[in-house]
Every structure is written in structure tokens, then in C-alpha cells.
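I have placed the structure first, in the form of C-alpha cells, so that the comments after it can refer back to it.
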Amino acid sequence: MQPIKITDTVYWVGAVDYDIRDFHGYLTPRGSTYNAYLIVNDKKITLIDTVKHGFEDELLSRVSKIVDPKKIDQVVSNHAEMDHSGGLPEVLRHIGIEKPVYASSMGVKNLGGQLKGSGLNLKPVEAKLDVGEDLIFLETRMIHWPDSMFSFLPGQGVLFSQDGFGMHLACPERFDDQIPEETWGPLALNYFTNILTPYTVQISKILEKVVADGLAAQIKIICPDHGFVWRQNPGRIIEVYSQWVQQKPRHKAVIVFDTMWHSTEFMARVLTDYLASQGIETHYNSLKNKHRSEVATECFEAAAIIIGTPTINNQLFPSVSDFITYIKSLKFKNKIGAAFGSYGWSGEGAKLVQAELKAMGYTVPCDEVRYQWVPQETDLDPIRALGKVLADEIKKL
Ligand code: FEO
């Protein structure tokens with residue numbers, strides 16, 4: 001396994017996971033990478049982050065093409081989540097368990113808890129660390145864990161941004177100039193939606209601070225913990241994030257549903273056709289064949305999220321309940337919501353969806369639409385009326 005040179009003294013020494021498809025409940029159809037970086041000069045050798053447990057040999061193999069791993073002086077852990085810290089104990093056993101592992105004060109606490117008994121020499125960072133040049137730290141609490149921080153080499157303009165500015169993409173290319181925006185754009189949005197949307201307020205503040213402190217102008221290269229290194233145009237991903245943190249909706253509706261005996265599905269199709277006929281970009285998503293995280297990404301830029309469910313034993317259909325639980329955690333802003341569904345006996349399903357949409361703070365402009373048994377071609381006015389209200393609301397934006 002070969003390292004990849006980024007600058008004269010900075011190397012990528014991470015791991016590529018072509019096979020991962022479920023990343024804590026989020027679909028990763030193109031796998032991922034666990035990026036780690038080595039800063040090597042004649043004064044110090046510093047490892048920035050490690051990899052998920054199971055990939056330590058890949059990291060050590062890449063490092064050993066540059067230096068003997070035992071010569072690493074210190075490790076910086078920018079983020080305590082296990083896809084980056086899980087490899088710390090094994091890597092430290094190879095390089096020397098006594099070597100200092102620097103993290104934010106919260107990182108020291110979290111790593112101490114997660115890797116209890118591993119004997120790591122955890123140390124909280126101060127404002128900067130001597131890595132043969134200055135490495136300065138920027139606390140990025142809740143982007144996306146309480147311990148998260150960025151590390152920056154001002155002398156070279158290299159930012160190590162942990163999960164920020166990343167994406168889940170396993171491929172042999174390591175740099176932004178090797179992958180077109182048509183490819184990375186949807187992957188970056190998928191990543192942002194499912195990992196970072198709950199923290200847009202915090203990200204917004206960090207972006208403002210980075211600009212206000214003049215750091216943005218100094219950044220020449222961004223090295224995230226997933227995906228590729230931004231060396232050609234790091235400003236592009238900062239620009240994209242600056243738009244996404246605003247969560248501005250566009251004229252787009254997402255219909256998402258599941259169905260028992262095709263009645264709710266039929267309603268979804270009628271509603272899809274109606275909204276499209278009103279000039280609204282409309283996306284039809286059946287939870288039978290689409291993963292919750294893919295639908296969530298569809299929802300990110302949508303003005304309206306319209307959820308359909310049958311009623312089963314007085315409750316939501318389980319897949320719809322799962323989807324609502326998932327998007328509740330993403331804390332979308334500026335959404336219109338609506339509910340629909342079919343039922344046989346009692347019909348609580350669509351009402352429960354309606355209540356969830358209101359509880360999530362969505363604008364819910366009309367009552368849920370419910371059909372008992374099977375909707376007939378001659379009785380579709382209620383669902384079209386729902387579509388009319390939604391189309392009018394979307395067009396007001
Ligand atoms: Fe890539 Fe939050 O770990």
C-alpha cells in the first residue's frame with residue numbers, strides 16, 4: 001500500500017473501504033475512506049487521525065513506505081468517532097503506546113471512555129502544537145461531535161478538517177482535480193444531509209469565524225477524513241457549504257410512502273402526477289425500494305415533504321415510522337409538510353404523520369387526506385385538493 005504525497009511534508013496514509021454499505025444507518029453505496037495524514041520533517045513526525053479498527057495494517061503499510069512507524073513522535077486525533085479512533089490502540093501499539101495522542105479536551109474525555117483500558121497517553125491540545133512547524137487548532141464543537149476540532153498548518157495552508165468537507169467515496173483517486181463536480185456534488189450533498197444537517201447553525205458560525213479571522217484566505221489545501229483532498233479548488237467546497245447551511249428550499253416536492261395493498265401507493269401516484277402538472281419538480285419515493293438516507297437527501301433542498309402511510313394495528317407502517325424517526329434527527333428547517341394514507345378500519349396512520357410533521361416544526365397548511373379501503377378513479381378530488389394547496393404554498397416561496 002502506497003502513501004500519497006500532498007505537499008513536501010504532508011502525506012495521505014489512510015485506508016479505502018470499498019465494501020462498506022451501512023454507515024451507522026446511512027447507506028454508502030460507493031463505500032468510504034478513512035483518511036489519515038502524516039506530517040514528516042527533520043524535527044518531528046506527526047500522525048493526524050487514524051482509521052477504523054480493522055484497517056490499521058493498511059495505514060501502517062502506507063506509513064512504512066515513508067518512515068519506520070516507530071519513529072512517529074505524536075498523534076493528533078481531531079475526532080473521537082470510531083471510524084477514525086477505532087484504530088488508535090492498535091496503531092499506538094506499533095508506534096509506541098507511550099507516544100502522546102493529542103485531542104480536544106472533550107476528545108480526551110470521549111477517547112478515554114471509548115478506548116478504556118487501551119493505555120493511550122491522551123493529552124488535551126493547547127492553542128498549537130510543534131510538529132516541526134506550528135499546527136494550530138480550531139474547536140469545531142458539534143461538527144459533528146462535541147469533541148470535533150480542525151487542525152491547521154498555517155505555514156503551508158493545509159487544513160485537516162476531520163468529517164467536515166468530506167464524502168463517502170471509495171476510489172483510487174485522492175484529489176479534487178481527478179473527480180468532476182457532477183460526480184462528487186451529489187455525494188457531498190448526501191454526506192452533508194445525513195451527517196451535518198442537524199448542525200447547520202454551528203457550521204454557519206464556524207464558516208463566519210474562518211472568514212472573519214482571515215483563515216479562509218490562507219487555506220490552500222483541505223484534507224478531510226473521508227473522500228478526497230481538496231488541492232485544486234478548496235474554496236469550492238467552502239462555497240457549497242455556505243449555501244447548504246442556509247437550508248433554502250427550492251420549488252421541489254418529495255413524496256415518500258409505503259403501502260400495504262397498493263392504496264397508499266395509488267394516492268402517491270395521483271399526487272405525484274398532480275404536483276408535476278402544476279410545474280413542481282416532484283420526486284416519488286417508495287420506502288420499499290429506497291433507503292431512508294437516500295430519501296432524506298432528496299428532501300434536503302425540497303420545499304415540501306409529503307408522507308404517506310397505511311394504518312396497521314392503529315399505527316404507522318413500520319418503514320414510515322423509521323423514516324420519520326430518521327428525518328426528525330436531521331432537524332430540517334424551512335419545510336412544508338403534508339400527510340396522506342389509506343386504511344381499512346380505524347385510520348390513525350395519516351393522523352399520526354400529521355402530528356409528527358407539526359412536532360418537527362414544519363409548516364402544515366392543510367389536514368391529512370385519508371381514504372378508507374381503495375381510492376376510486378372517480379373520487380380523487382381530496383388528494384388533488386391537497387396537491388393544489390401544496391403547489392400554491394411551494395410557489396409562494
Ligand atoms: Fe467520520 Fe464522525 O466520523
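Start at 1 and go down the list; that is how both ligands and their atoms are numbered. Predicted, not measured: the structure shown is a model, and the values here were computed from it.
By the side-chain hydrogen bond (donor to acceptor under 3.5 Å, both in side chains) test, Arg384 pairs with no residue at all, sequence neighbours left out. Applying the side-chain hydrogen bond (donor to acceptor under 3.5 Å, both in side chains) criterion to Asp213, with sequence neighbours excluded, gives Lys209.
Taken to the nearest 0.5 Å, the OG atom of Ser104 stands 10.0 Å off from the CZ atom of Phe137.
In this structure, Arg231 is positioned above the aromatic face of Phe175, its NZ or CZ under 6.0 Å from the six-membered ring centre and within 45° of the axis. A cation-pi arrangement, defined by a distance under 6.0 Å to the six-membered ring centre and an angle within 45 degrees of its axis, is absent between Arg174 and Phe228.
Only protein N, O or S atoms were considered, and those under 2.8 Å from atom 1 (Fe) of ligand 1 are Asp83 OD2, His84 NE2, Asp163 OD1, His226 NE2.
Taking Ile, Leu, Val, Met, Phe, Trp and Tyr as hydrophobic and joining them when side-chain heavy atoms fall under 4.5 Å apart, one finds Val389 isolated, its cluster having no other members.
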